[in-house]
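Just so you know, ligand 1 is whichever comes first in the structure, and atom 1 is the first atom listed for that ligand. If you read the sequence from its start, that first residue is 1, and numbering goes on from there. Just so you know, these numbers use all the heavy atoms, side chains as well, and skip hydrogens, waters and symmetry mates. All values derive from a computational prediction rather than experimental measurement.
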Amino acid sequence: MASTAWQGIIHRYRQRLPVTEATPVVTLLEGNTPLIRVDNLVREIGGDFVLYLKYEATNPTCSFKDRGMTLAVSKAKERGAQVVICASTGNTSASAAAYAARANLKCVVLLPHGKIALGKMAQSLMYGATTIAIEGNFDVALRIVRELGETGQVEVVNSVNPVRIEGQKTAAFEICDQLGRAPDFHFLPVGNAGNITAYWRGYREYHAAGISDRLPKMWGWQAAGAAPIVDGQPVEHPQTVATAIRIGNPASWQGALAAVRESSGRIDKVSDEEILNAYRLVARTEGVFVEPACAAPLAGLIRSVRAGQIPAGSVVTATMTGHGLKDPDTAIAQAEFKPTVVPATMEAVRRVMGLG
Ligand code: F0G
C-alpha cells in the first residue's frame, strides 16, 4: 500500500516549483496547514460574509516562512553552499536556522537588537544558528546581509532570494485546493512584502492553469508606525507592537504594489490599538492564538466591514502568519487577565468561580 502521508510542499507542488531530480529536498514536512472557518469572529465583527483563517502557525517552526525556506535551503544545498544567512524580525531566522540544521549547513542570522519576540530568539539559539543582534533595525540588517551576499561566500535566504517567494506561493495553492475555489478577498499582514507578492503569484498561476475560476482582491495591512508602502516613502524609524512587521523599507515594495494594482485590491494601515484589539478578539472568540502581526489584517477587516467595503456573500481568507506563543511577553501583557492565586482548598476555588 502506498503511503498517503504528507511529505511537504516541494513533494506536493513539485511541478510548479523550480526543482529538478537533482535537487536534494530539505523538508520538515511544512505546509498542509488548516483553513479554519471562523463564524464566531464574523458574528462579533458583524456583516454577511464567510471568513477562513489560513493558520500558518502549524508549520514546523510555527510560521509561514517554512514554505519558502524548504525551497531556499534545498536550492542552497544543491548549489553546494556552506553558509546561509538572513536578516530577520525573528521568523525568517527561526526558519532558516531550523532548515540549515536539517541540511547540515551553517546558519548566521542578523536580528534587530531588543526587538525580537522571545520565542523567536529561543528558536534561533536552540537550532544552533550564529545569532547576531545588531544595534539597528531590520532594514539596516538586510542591507548588511545583501552586501555579504554579493561576496559570493554566503547564500542569502531572505525573500530577496526569488525561490523564497516561489515556496511561499504554495499557501495560495493550498487555499484554493481546500476551498475548491479562490476567495473573493485575501487579507494579510505586510512587512517586507514578500508574502503578498507570493500569494498573488500563487493565485494567478492557479487561475492561469484553469484550476481556480477567479482571482481574489489582495488587501495588505501594515502597522501605522511602519507603513512605508501606504505612506509612499521609507520609514527611517519604524515602530509597532507587531515586531514581525516592524520594517521601514520593504524589499518587495514593487511586488506588493503590483499585487494590489493587478487584483484591484488595497494596501492600508491600522494602529497598534486596533491590532491589539483584534489579537485578543480572535483568541477569545475562536481559540486561535496568533502573534500580533497577524491581527493587522483582522483589524483591517473589522474596519473594512464597518465601512461597507465587503459585499454580502463574500468569501474572505486571511493569513495568520505566525503562532501566538512566539511572543509570550505581548500575550501576557495584553491578555487583560491574570491568574488568581488562592489557598489550595476547594472553598477558595469555589469563591473564585462565584459559587460561594
Ligand atoms: N507576519 C509575520 C508573523 C512575519 O514574521 C512577517 C515577516 C510578516 C507577517 C510579513 O511578511 O515580510 O513577507 O511581508 N517577517 C520577516 C521575518 C520580515 O524576518 O521574519 P512579509
Asks: Could you tell me the residue and atom name of the protein heavy atom closest to atom 11 (O) of ligand 1, and the distance to it rounded to 0.1 Å?
Replies: Phe64 CZ, 3.6 Å
Asks: Under 4.0 angstrom from ligand 1, any heavy atom of Pro189?
Replies: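 So Pro189 counts as touching ligand 1.
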Asks: Using a 6.0 Å cut-off, check whether atom CD of Glu262 has over 12 heavy atoms from anything other than its own residue.
Replies: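 Enclosed: over 12 neighbouring heavy atoms sit under 6.0 Å from CD of Glu262.
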Asks: What atoms of ligand 1 come within less than 4.0 Å of a heavy atom belonging to Ser88?
Replies: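 Checking each atom against Ser88, I get 17 (C), 19 (O), 20 (O).
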Asks: So among Glu291, Lys65, Gln123, which one has a side-chain hydrogen bond (donor to acceptor under 3.5 Å, both in side chains) with Asn91?
Replies: Glu291
Asks: Any carboxylate oxygen within less than 4.0 angstrom of a Lys/Arg side-chain nitrogen, looking at Arg214 and Asp184?
Replies: yes
Asks: Are any of the N/O atoms on Asn91, whether in the backbone or the side chain, positioned under 3.5 angstrom from an N/O atom of ligand 1?
Replies: yes
Asks: Donor-acceptor check, side chain of Thr89 to backbone of Ala244, threshold 3.5 angstrom: yes or no?
Replies: yes
Asks: So for ligand 1, is Thr92 a polar contact partner (N or O within less than 3.5 Å, distance only)?
Replies: yes
Asks: For Arg67, is there an ion pair with Glu56 - N to carboxylate O distance below 4.0 angstrom?
Replies: yes
Asks: Heavy atom to atom 9 (C) of ligand 1, shortest distance: which of Asp327, Ile247, Leu111, Thr321 holds it?
Replies: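 Among Asp327, Ile247, Leu111, Thr321, the closest heavy atom to atom 9 (C) of ligand 1 comes from Thr321.
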Asks: Could you tell me whether Ala293 and ligand 1 have an N or O pair separated by under 3.5 Å?
Replies: no
Asks: Only heavy atoms of Glu291, strictly under 4.0 Å: list the atoms of ligand 1 that pass.
Replies: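 With Glu291 as reference, the close atoms of ligand 1 come out as 3 (C).
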Asks: Got an N/O contact under 3.5 Å between Ser93 and ligand 1?
Replies: no
Asks: Between Glu166 and Lys75, does any side-chain N to carboxylate O distance fall below 4.0 Å?
Replies: no
Asks: Quick check on His207: does its NE2 atom have over 12 non-hydrogen neighbours (other residues, nucleotides or ligands) under 6.0 Å away?
Replies: yes
Asks: Just verifying a value: how many Å separate Leu188 CG and Leu298 CG, rounded to the nearest 0.5 Å?
Replies: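 CG of Leu298 is found 11.0 Å from CG of Leu188.
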Asks: Take the angle between the ring planes of Phe173 and Tyr206 and call it parallel below 30°, perpendicular above 60°, tilted in between.
Replies: parallel
Asks: Only heavy atoms of Gly194, strictly under 4.0 Å: list the atoms of ligand 1 that pass.
Replies: 13 (O), 14 (O), 21 (P)
Asks: Among all protein heavy atoms, pick out the one at the shortest distance from atom 12 (O) of ligand 1; state its residue, atom name and that distance to 0.1 Å.
Replies: Asn192 N, 2.7 Å
Asks: For Asn195 and ligand 1, does the shortest N/O to N/O distance drop below 3.5 Å?
Replies: yes
Asks: What atoms of ligand 1 come closer than 4.0 angstrom to any heavy atom of Ile245?
Replies: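 Within the 4.0 Å cut-off of Ile245, ligand 1 contributes 8 (C), 9 (C), 10 (C).
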Asks: Backbone or side chain, does any N or O of Phe138 fall under 3.5 Å from an N or O of ligand 1?
Replies: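 Among all N and O atoms of Phe138, none is under 3.5 Å from an N or O of ligand 1.
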Asks: Quick test: of every protein heavy atom, which one is nearest to atom 4 (C) of ligand 1, and how far off is it to 0.1 Å?
Replies: Ala244 CB, 3.5 Å
Asks: So, are Glu347 and Arg350 salt-bridged, with charged N and O less than 4.0 Å apart?
Replies: no
Asks: Tell me, which protein residue and heavy-atom name are nearest atom 15 (N) of ligand 1, and how many Å apart are they?
Replies: Lys65 NZ, 3.0 Å
Asks: Of all the atoms in ligand 1, which lie at a distance below 4.0 Å from a heavy atom belonging to Val190?
Replies: 14 (O)
Asks: Taking atom CD of Gln15 as the centre, report whether more than 12 heavy atoms of other residues, nucleotides or ligands fall under 6.0 Å from it.
Replies: yes
Asks: Can an N or O of Cys294 be found at a distance shorter than 3.5 Å from an N or O of ligand 1?
Replies: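 Such a contact does not occur with ligand 1.
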Asks: Could you tell me if any non-hydrogen atom of Ser159 lies under 4.0 Å from any atom of ligand 1?
Replies: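 No.
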Asks: Taking the inter-plane angle between the rings of Phe289 and Tyr279 on a 0 to 90° scale, is it parallel (under 30°), tilted (30 to 60°) or perpendicular (over 60°)?
Replies: tilted
